[in-house]
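Residue numbering restarts at 1 for every chain, and letters A, B, ... go by the order of the sequence lines.
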Amino acid sequence: MLFPAFRKVLSAALSIFVCAQLIAQQDADTTIVRSDTGRIKLLSAVTVSALTHKEVIPAQKLSGEEIGRLNSFSVADAMRYFAGVQVKDYGGIGGLKTVDMRSMGTNHMGVFYDGIQVGNAQNGQIDLGRFSMDNIESISLYNGQKSDIFQPARDFGSAGTIYLRSRRPSFDSLTSSHFKGVLKTGSFDLINPSLLWERKLNDKLNFSFSSEYLNSSGKYKFRYKRVFERSGNTAWDTTAVRQNGDIEAQRVEAGLYGNIKRGVWNVKAYFYNSGRGIPGAIVNNVWKRAQRQWDRNFFIQGSFQKNIIPKYDVQLNAKYANDYMRYLNPDTTLLYIDNNFHQQEWYASIANKYSIAKNVDISLSTDFQYNTLTSNLDGFVFPKRFTSLVALATAGEIGRIKLQASILGTFVNESIKSGSNGGGNVALAAPGKQEFTPAIFLSYKPFYRKEFNIRAFYKKIFRMPTFNDLYYTDIGNISLRPEFTHQFNLGFQYTRTPLNSILKRWQLQADVYYNRVTDKIIAVPKGSGMYRWMMMNIGLVEIRGVDAVSDQSFQLFPDAVFHLRATYTYQQAQDFTTRRNPDLQTETWGGQIPYIPWHSASLITGIQYKSWNLNYSYIYTGERYHNSANIPENYEQPWYTSDVSVVKNLKLKKRTSYKISAEINNLFDQDYEVVLNYPMPKRNYKIILSVEL
Amino acid sequence: MRYNYIVILSVFFLATSCRKDVAVFMNEDIPVEQPSADGFAGFYLLNEGNMGSNKSTLDFFDYKTGIYQRNIYAAVNPAIPKEMGDVGNDMRIYGSRLYAVINASNKVEVMNAKTAKRIGQIDIPNCRYIKFDKEFAYVTSYAGPIEINPNYTQKGYVAKIDTATLTIVDKCIVGFQPDDLEISDGKIYVANSGGYMGAGNTEKYERTVSVIDLATFREDKRIDVAYNLHHIKADNRGDIWVTSRGDYKQLPSRLFFIDKMQQKVTDTLPIAVSNFYLDGDSLYTYSTEWSYVTYSNVITYGIINTKTREIVTAAFISDGTDKTIEIPYGIMVNPLTKDIYVTDAGNYVSPGVLYCFDRNGKKKWSVRTGDIPAHFALLP
């Protein structure tokens with residue numbers, strides 16, 4: 001019934017996301033029932049929001065224009081603008097940047113790139129500093145899991161998930177190819193050109209190619225200063241240049257995006273190659289380091305989705321990833337290290353969704369994953385891991401209540417080839433593991449006419465010990481258990497539009513939560529001397545927090561729109577790890593865990609006036625400690641940075657548009673550290689030229 | 001509505017705390033015992049700090065006041081950028097000076113022994129331990145010349161430092177990764193560990209003590225002892241006691257006795273020793289060894305009579321405190337009062353504890369230290 005009409009809307013409004021289109025199509029019959037005033041808008045805007053129609057708890061999301069307002073270089077930079085997220089930033093363009101959601105630890109975060117998880121079986125850490133913002137169209141963050149039951153089992157498998165979506169080709173009736181060239185340059189001797197080419201091959205098939213080159217000396221000025229407490233006079237004040245932070249990287253991506261009858265498919269290949277210096281900690285008498293790292297990441301992934309019979313949908317996903325890393329310590333005063341690590345991952349998933357009633361869907365997903373790791377490390381055991389995941393989920397609506405429940409079964413089996421993990425015994429593989437973990441999500445709309453939703457969720461999930469945790473020579477411990485998280489969340493979302501003649505839209509969402517991380521995997525000192533460690537399941541962390549996000553748009557003049565997005569996060573993340581020595585336990589018991597501020601906040605604002613954009617963004621990270629012993633020695637100052645940018649859009653010919661933007665980051669030139677002894681850049685600049693035809 | 005919102009927002013941003021200039025860290029003073037007038041002036045405790053943290057700190061206990069002064073370096077030396085440095089590995093008082101070997105800062109920090117006021121530094125990459133003789137200081141370093149034959153290898157050396165000018169006057173190449181050293185009867189004994197070499201293959205650990213003639217400052221010979229040597233100490237008769245770490249797998253840590261006349265190992269004591277302190281003829285030892293059976297550290301203590309070479313006791317802490325110590329890391333005995341000082345390094349990343357026990361092994365007091373409290377130096 002609605003189908004033809006729906007199509008008309010789509011073709012008129014340009015389908016941007018083929019995938020979104022499909023989901024929208026599938027939901028078309030139920031749309032009439034649930035249609036409200038907002039629904040029409042969604043369609044005419046044709047954003048990916050169509051996907052979120054059944055979401056119990058919507059994502060925090062940055063996309064399109066909002067991303068454009070940020071001077072973010074990498075995805076990690078942009079992640080700082082999400083509530084509940086802390087980014088550990090070791091500084092500079094090539095510096096490691098890891099993300100921690102609601103203080104559960106970076107290993108609990110799943111990162112998905114164009115729908116499929118980016119894995120790292122070796123250390124579980126995804127360096128989001130590697131993902132350039134150049135080709136990213138949206139970033140969505142979900143606490144718990146994506147509120148969509150029609151997804152691979154792996155999507156149920158993290159305590160929190162980030163979905164990165166790269167730009168997908170879409171064409172109106174007049175064009176059949178797009179070209180975009182961007183050049184970024186500025187501080188740190190940055191040269192960063194990128195190219196995007198999209199081509200409509202036929203009515204049902206689009207092609208996209210994107211590539212990027214990055215070169216930077218990574219040099220920046222930083223400053224340390226101490227004053228006398230009483231007089232405020234300078235005790236010492238040193239400015240130096242960050243060394244060995246250089247990076248050279250190439251990225252190439254290509255994708256095919258196809259439409260079939262009541263279905264879509266895509267195939268994507270990704271290649272990233274980089275060499276970089278590791279700038280290291282700045283300590284007394286050592287202001288320069290020599291360590292280097294090379295990374296080569298390749299993956300190819302495909303996705304296929306089809307509505308088989310009216311109530312039954314199927315989704316297939318597959319991926320092969322091949323990651324190589326080499327670490328070199330050529331410093332002649334230290335232990336010479338030249339290690340390489342080579343990871344491979346094979347992954348396949350089938351997800352089925354069936355509508356058992358008008359308002360009730362069930363889904364069953366089965367994933368298989370195989371990981372291997374090889375290395376030239378002495379005593380390496382060459383681990384292999386076979387993981388199968390089965391997720392059974394249901395989603396439904398009963399009146400004004402939306403409900404979603406899922407249970408995930410994870411079955412892990414490991415084997416090793418040879419070598420010795422440094423233990424007293426002959427090396428063994430870790431015993432097999434099977435875990436069943438539930439999640440339940442609820443939302444309730446108490447007022448029929450108001451866009452006000454109350455939501456709640458509970459989720460229990462775990463992270464597997466990584467290959468390093470289990471098998472790294474001398475440190476690894478095969479008897480490790482998974483590290484569990486238990487999340488309880490309660491919140492609301494309220495949207496009002498339009499409010500009055502100036503404030504056009506206001507959306508507020510806030511959540512309170514309680515998380516518990518049990519069996520936390522921690523390195524404990526082992527034996528004596530030479531800093532030897534052993535990984536053990538001894539940690540216990542409790543987190544109590546509040547996230548709030550407020551989004552609003554103001555119409556200042558007919559031609560000027562002002563956007564403001566503010567987030568605030570409060571977190572009390574306490575270490576309740578039991579210790580053998582009661583004297584030591586009193587120092588750390590109940591202490592705020594390392595690098596988690598009690599208060600953090602962000603602001604993104606932008607004024608759009610005709611072809612000009614003026615953007616301002618602000619990050620605030622409150623006082624923290626770099627250790628659970630919250631004593632003056634471990635205190636870390638709050639830091640806050642302001643970034644501004646001016647953007648001018650030019651449209652010369654009918655189809656050619658130019659964009660010039662100038663950015664100033666750390667406008668007030670604050671000297672700060674996110675991580676102890678890793679100084680961040682002072683004020684820095686960037687110019688971006690972009691042409692699109 | 002709109003104004004309310006702006007008000008809320010402004011209040012929030014005003015409420016968030018702001019940065020101030022960071023002040024030089026001032027020491028904290030903690031009274032721990034009654035003042036005592038006779039005997040030693042005090043002792044320094046060097047906290048290593050975890051690598052990369054730049055948190056090697058210096059504490060001082062003043063016998064005359066009974067006050068423990070925690071983290072004094074920055075207060076005494078406020079103008080030194082980045083304070084004392086990264087990973088303090090050894091510390092000694094010689095003459096009127098205090099020398100602290102700061103391993104990952106590649107330097108020996110030289111201070112006034114009475115005040116801890118900085119005098120200067122000697123740059124030695126990857127420096128480990130220090131000893132003195134006449135007007136010279138001798139410091140071991142891992143970072144000798146590089147050989148590629150065909151694998152990359154790098155022997156260590158002992159640096160000879162003129163204490164008047166704080167300059168290196170000579171170097172003597174020894175084994176791989178030399179750790180502690182001792183000077184006795186005109187000879188320098190260096191415990192070679194081979195710690196970088198043996199990680200994957202026990203055979204590659206060093207197992208010798210290098211003997212350097214003080215007069216010529218050349219390596220005379222090697223004494224075969226055991227894999228992975230660490231601490232070395234001459235007793236009152238000039239005989240040498242040396243510890244091995246073992247290979248952390250099958251081979252346990254052991255204590256060896258080198259007869260100075262025969263210049264070879266003549267006795268092996270069947271106990272593991274991580275560190276020791278010699279007081280008179282009593283060698284106080286402790287050991288931490290990882291057990292792959294219980295997946296925990298096995299900690300033992302003991303006193304050895306260096307004359308009879310017998311284990312006198314397998315415990316010197318008598319009140320049960322030993323059961324709670326996570327990682328014993330530093331030890332010292334006051335030669336006059338026989339008070340025993342033992343540190344607990346805990347988890348290496350948060351503060352440790354210093355325990356003071358009386359001669360009967362009963363706890364007198366304890367105090368929080370810096371991270372990885374490790375090395376003592378008694379101030380006369």
Side-chain angles (χ1 to χ4, degrees), chain A residues 224-229 232 235-236 238 281-286 332-336 378-379 422-425 473-474 477 479 499 502-503 524-532 534 566 568 579-584 587-588 599 601 620 622-623 627-629 631-633 637-639 676-677, chain B residues 1-2 9 12 16-19 21-26 51-54 71 78-86 104-107 125-126 143 146 152 154 195-196 199-201 230 245 248-250 274 288-290 292 295 297 324-327 344-351 353 366 368:
Chain A
Y224 282 112
K225 183 187 172 186
R226 291 290 181 275
V227 298
F228 290 101
E229 196 163 18
W236 55 269
T238 305
I282 298 283
V283 302
N284 177 290
N285 216 28
V286 182
T332 55
T333 69
L334 298 168
L335 173 60
Y336 178 86
D378 273 340
N425 310 313
T473 307
D474 208 37
N477 176 359
S479 55
L499 279 163
I502 294 172
L503 184 49
V524 279
K526 164 176 154 184
S528 62
M530 303 298 281
Y531 296 99
R532 300 178 58 242
M534 171 60 79
Y568 168 76
R579 301 187 61 179
R580 175 169 160 158
N581 186 336
D583 294 329
L584 292 174
E587 302 297 339
T588 51
H599 303 276
Y620 174 84
E623 53 185 12
N627 186 268
S628 306
I631 56 172
E633 280 97 330
Q637 287 265 318
W639 59 266
L676 178 68
N677 300 325
Chain B
M1 187 70 212
R2 178 161 52 109
L9 205 69
F12 163 69
T16 56
S17 53
C18 284
R19 266 171 100 79
D21 274 333
V22 187
V24 167
F25 196 88
M26 300 309 285
M51 199 171 279
S53 72
N54 197 46
N71 206 346
I80 306 303
K82 298 261 47 175
E83 300 85 32
M84 197 157 74
D86 199 23
S105 282
N106 299 325
K107 65 161 187 181
N126 211 338
I146 301 145
Y152 174 103
Q154 184 175 28
Y196 287 174
N201 180 358
H230 188 195
R245 294 183 177 102
Y248 311 119
K249 295 168 196 159
Q250 271 79 22
S274 301
T288 311
E289 281 198 299
W290 184 260
Y292 282 98
Y295 269 82
N297 287 309
T324 66
I325 291 178
E326 290 176 10
I327 300 273
D344 186 351
N347 60 13
Y348 287 178
V349 294
S350 60
V353 178
S366 67
R368 189 181 90 214

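We find the OG1-NZ distance between B:T288 and A:K526 to be 13.5 Å, quoted to the nearest 0.5 Å. Atoms CZ and CD1, from A:R580 and B:I327 in turn, are 8.5 Å apart once rounded to the nearest 0.5 Å.
At least one donor-acceptor pair closer than 3.5 Å links the side chain of B:R19 to the backbone N or O of A:P638. A donor-acceptor contact shorter than 3.5 Å is absent between the side chain of B:D21 and the backbone of A:K225.
Only the side chain of A:N627 comes within contact range of chain B, with heavy atoms under 4.5 Å apart. Within the 4.5 angstrom heavy-atom criterion, only side-chain atoms of B:Q154, from C-beta onward, approach chain A. Contacts between B:M26 and chain A at a heavy-atom distance below 4.5 Å involve the side chain alone, from C-beta outward. Both the backbone and the side chain of B:S350 come within less than 4.5 Å of a heavy atom in chain A. Heavy atoms closer than 4.5 Å to chain B are found in the side chain of A:E587, but not in its backbone. Of the two parts of B:N106, the backbone and the side chain both hold a non-hydrogen atom closer than 4.5 Å to a non-hydrogen atom of chain A. Proximity to chain B (any heavy atom under 4.5 Å) is restricted, for A:V286, to the side chain, taken from C-beta onward.
For the pair A:L584 and B:D344, the minimum side-chain heavy-atom distance is below 4.5 Å. Side-chain contact between A:Y224 and B:P81: absent, with no pair of heavy atoms (C-beta onward) separated by less than 4.5 Å. For the pair A:V524 and B:N297, the minimum side-chain heavy-atom distance is 4.5 Å or more. The side-chain heavy atoms of B:Y295 and A:M534, taken from C-beta on, include a pair separated by under 4.5 Å. Taking 4.5 Å as the limit, every side-chain heavy atom of A:T238 sits out of range of all side-chain heavy atoms of B:K82. With a 4.5 Å cut-off on side-chain heavy atoms, A:D378 and B:N201 do not count as touching.
Not a single ring pair (Phe, Tyr, Trp, His ring centres under 6.0 Å) links A:W236 to another residue, sequence neighbours left out.
Most heavy-atom pairs under 4.5 Å with chain B, from the set A:A281, A:P632, A:P525: that is A:P525. Of the residues considered (B:A143, B:A104, B:P78), B:P78 shows the highest number of contacts with chain A, using heavy-atom pairs under 4.5 Å. Ranked by heavy-atom pairs under 4.5 Å with chain B, the first of A:T588, A:L676, A:I282, A:V227 is A:V227. Each of B:A345, B:S366, B:G85, B:S53 has some count of heavy-atom pairs under 4.5 Å with chain A, and the biggest count is that of B:S53.
By the neighbour-count criterion of 12 heavy atoms within 6.0 Å, atom CD of A:E229 is sparsely surrounded, having that number or fewer from other residues, nucleotides or ligands.
Taking both residues in full, the closest heavy atoms of B:R368 and A:I631 are given as NH1-CG2, 3.4 Å, listed atom of the first, atom of the second, then distance. Summarising the geometry of B:E83 relative to A:N284, their closest heavy-atom pair is O-ND2, 2.5 Å, with the distance given to 0.1 Å. The minimum heavy-atom distance linking B:E326 with A:N581 is given by the pair OE2-N, 3.0 Å.
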